[in-house]
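To start, the structure under review is shown below, and the notes come after it.
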Protein chains: 2
Amino acid sequence: MTTIYDIAKKTGFSITTVSRALNNYSDVSEKTKKLILDAVEEMHYYPNSVARTLSTKKSWALGIIFVEDLGIGMKHPFFNSVIEGFKKSVEKKGYDLIFLNRNVGGVKMSYLDHAVHRGVDGIAVVSSNYDDSEVEKIIASTLPNVIIDLHSTKSNVVYSDNLHGCELAIEHLYSLGHRKIAHIAGHPKTFVGLERLKGFKSAMKNHGLDIHKPFIVDGGLFSAEGGYNAMLKLLQMKDRPTAVFAAGDNMAFGAMKAIREAGLKVPEDFSVIGFDDIELAGEYTPSLTTIKQDMDRIGEKAAEVLLQEIDHKFEPSTCIIPVELIKRESTKSI
Amino acid sequence: MTTIYDIAKKTGFSITTVSRALNNYSDVSEKTKKLILDAVEEMHYYPNSVARTLSTKKSWALGIIFVEDLGIGMKHPFFNSVIEGFKKSVEKKGYDLIFLNRNVGGVKMSYLDHAVHRGVDGIAVVSSNYDDSEVEKIIASTLPNVIIDLHSTKSNVVYSDNLHGCELAIEHLYSLGHRKIAHIAGHPKTFVGLERLKGFKSAMKNHGLDIHKPFIVDGGLFSAEGGYNAMLKLLQMKDRPTAVFAAGDNMAFGAMKAIREAGLKVPEDFSVIGFDDIELAGEYTPSLTTIKQDMDRIGEKAAEVLLQEIDHKFEPSTCIIPVELIKRESTKSI
DNA sequence: ATATTTGACGAAAGCGCTTTCGAGAATGTG
DNA sequence: CACATTCTCGAAAGCGCTTTCGTCAAATAT
């Protein structure tokens, strides 16, 4: 590995001058700068980021953690989309992404401790869970951070406009003539589960529809199975809904499967609308009408906010990313 | 941030002794060791990994890169599954994962240079492309590395048993009575595209079926669109195949869409079989018969091989991960 | 008793880089 | 011409840790 000393030796300047030339200091003449940069090129030298970090306290690395109970981690379609958007944005600014976990060399430590141990410049958290002590610790810390899909007044947060999304969904179903609308809710320990339930209720109210309690069924952790089981309950009722608004696409798929297995059809017998617009939504048969979350934008925005906190100083911000109704085949007028 | 000096000051020992106590050296008495560890606990001290890395040349970080032309990065279902498996395995051994890209602070550099710059202990590459100069550079380097979904005799490689997978697919279709079997091939610049094409031909031969050239159509970069377009060509033929083997699930979905739009049905008019078993495969209607790749296992195996190269020394290995036929609704007997 | 080994610890160098401080040369000012 | 400035550059300290080498006292051997 070639070091700054090698460049110094080769050019005859001191390592101080080499360092200055590399970092564009003004007090090094154009001539020697060129000499040095040529040598750098020739010897294929790249500064060692570890050494640089040690002396500057700036690692140009960002930590990312995700908290979810399914154990699918990066396979989670929402997470990986958001992270991809985040990653692309921060890379443009010269940051690397590092996954933080909770054990270092066999020793369990908190995410925050791990982040400090690694010397990252900031942390992005994608969390589905409501009160997570790990996340709270990060929020309370002085390390710049941004939280995705969770609300807090004490930190930077970024999430979709869940309430408006629900409004769009109910509005759409209402305009198709549906009045008996069920909601397959996300788990109450998740922020978006709660938000969308709230949004559902408020949207129903706004349309002058009253909320039939049994029509609100728990769909669990946003999985297809959860949606399937929830739909089974709805199918057992004598007075069934005509439309189902699921708090997540996967739950909508599960619901449609239950409907199909009951010998009924979507959208003829039930209109179904989801939330997320995961890739599968457009491919499924029938394709799924849903509320599209702009995951790329969420990731980008999170990057923007985090880098801003790192560069300048801190003031908690809340970014609500717009959502959009995507009309497809799974909903029709009554 | 508390440092080793703080612990030294508090306990009255030298930093040398503190360091030794932390690293379980034998030449520190049990008594002082306990004193030091207590102070560590109390002061909530964690060694700074940057400083440690600088002096030990071991970063406990692994770089990961993926090379693909679709620009979807982490959203790629194969990539993220493999990476999740890889991540879980290496984390257990105390390694962190860091995404490598090609620019550092505005300066374009190669993946390999970036890895060296960051001081990672090894690199995992997930590459769909055949000859990538970046990947070749990594293979040729002395930095421990493992390549997923690509073959090379000069490095550690891990990939699915594509050939046997094709054998299973054709065997299945054959056993259902199909004789006119088409293949929607993956892009010839991808390793798996070529492998599966080869596997298709060889399997056909093994079953005494001759290969009708026009029945081999290019499906592009494994996308649904590619499969859709390929299927259109197949549908235009006067003498159509009765079964279609797509080199990837997404292409199979595209093909099924084309079939549906042509007013035909799967599996009544065409049997369709895919390759991958992505999550969607089981959810789709009709659910897709496919060859299941064990992405978790691929990730785990890659981790195993890479860590072994890091710890011990190097001998190029090729790991072929078994695949499995998953029978679902999209295939039926003729 | 003296000589030798062992056990427990500290001083100091070094990892590769940045940055402060200051010095000498070149330039400008009166 | 003497002086103050401005340009260029180098010496050295420091970032937080590991590790080599050595020291000194206690334990053991002779």
Determine the contact category for [X]: base if any of its heavy atoms lies under 4.0 Å from a base atom, sugar-phosphate if only primed atoms, P, OP1 or OP2 are that close, otherwise nothing.
| X | answer |
| --- | --- |
| B/Thr16 | base |
| A/Gly119 | nothing |
| A/Phe13 | sugar-phosphate |
| A/Thr32 | sugar-phosphate |
| A/Asp27 | base |
| A/Thr3 | sugar-phosphate |

Do the side-chain N and O atoms of B/Asp69 and B/His187 include a donor-acceptor pair separated by under 3.5 angstrom?
-> no
From [atom1] of [X] over to [atom2] of [N], roughly how many Å is that when rounded to an integer?
| X | N | atom1 | atom2 | value |
| --- | --- | --- | --- | --- |
| B/Arg20 | C/dA8 | CZ | C1' | 8 Å |
| B/Met1 | D/dG16 | CE | P | 7 Å |
| A/Ile7 | C/dT18 | CD1 | P | 12 Å |
| A/Asn23 | D/dC9 | CG | P | 16 Å |
| B/Ile36 | C/dG10 | CD1 | C1' | 12 Å |
| A/Ile15 | D/dA13 | CD1 | P | 13 Å |
| B/Lys57 | C/dG14 | NZ | P | 14 Å |
| B/Asp6 | D/dC17 | CG | C1' | 13 Å |

Just compare [options] and give me whichever is closest to any side-chain atom of [X].
| X | options | value |
| --- | --- | --- |
| B/Tyr45 | D/dC9, D/dC17, D/dT18 | D/dC17 |
| B/Arg52 | C/dG16, D/dT18, C/dC9 | D/dT18 |
| B/Val28 | C/dC9, D/dG10, C/dT18 | C/dC9 |

Any Lys/Arg nitrogen of [X] or [Y] sitting under 4.0 Å from an Asp/Glu carboxylate oxygen of the other?
| X | Y | value |
| --- | --- | --- |
| B/Glu91 | B/Lys88 | no |
| B/Glu30 | B/Lys34 | no |
| B/Asp296 | A/Lys75 | yes |

Close side-chain approach of B/Ser59 and A/Val50, heavy atoms under 4.5 Å = no
Select from B/Ser29 and A/Ile4 the residue whose nearest nucleotide in DNA chain C is closer to the 5' end of that strand.
-> B/Ser29
Want to settle it: does B/Tyr5 or A/Leu22 sit nearer the 5' end of DNA chain C, counting the closest nucleotide to each?
-> B/Tyr5
Distance-minimising heavy-atom pair for B/Glu309 and B/Asn145 | OE1-O, 3.3 Å
Most 5' of A/Glu30 and A/Leu54 on DNA chain D, judged by nearest nucleotide = A/Glu30
Distance below 4.0 Å between [X] side-chain N/O and [N] OP1 or OP2:
| X | N | value |
| --- | --- | --- |
| B/Tyr25 | C/dG10 | no |
| B/Ser19 | D/dT18 | yes |
| B/Ser55 | D/dC17 | no |
| A/Asn48 | C/dC15 | no |

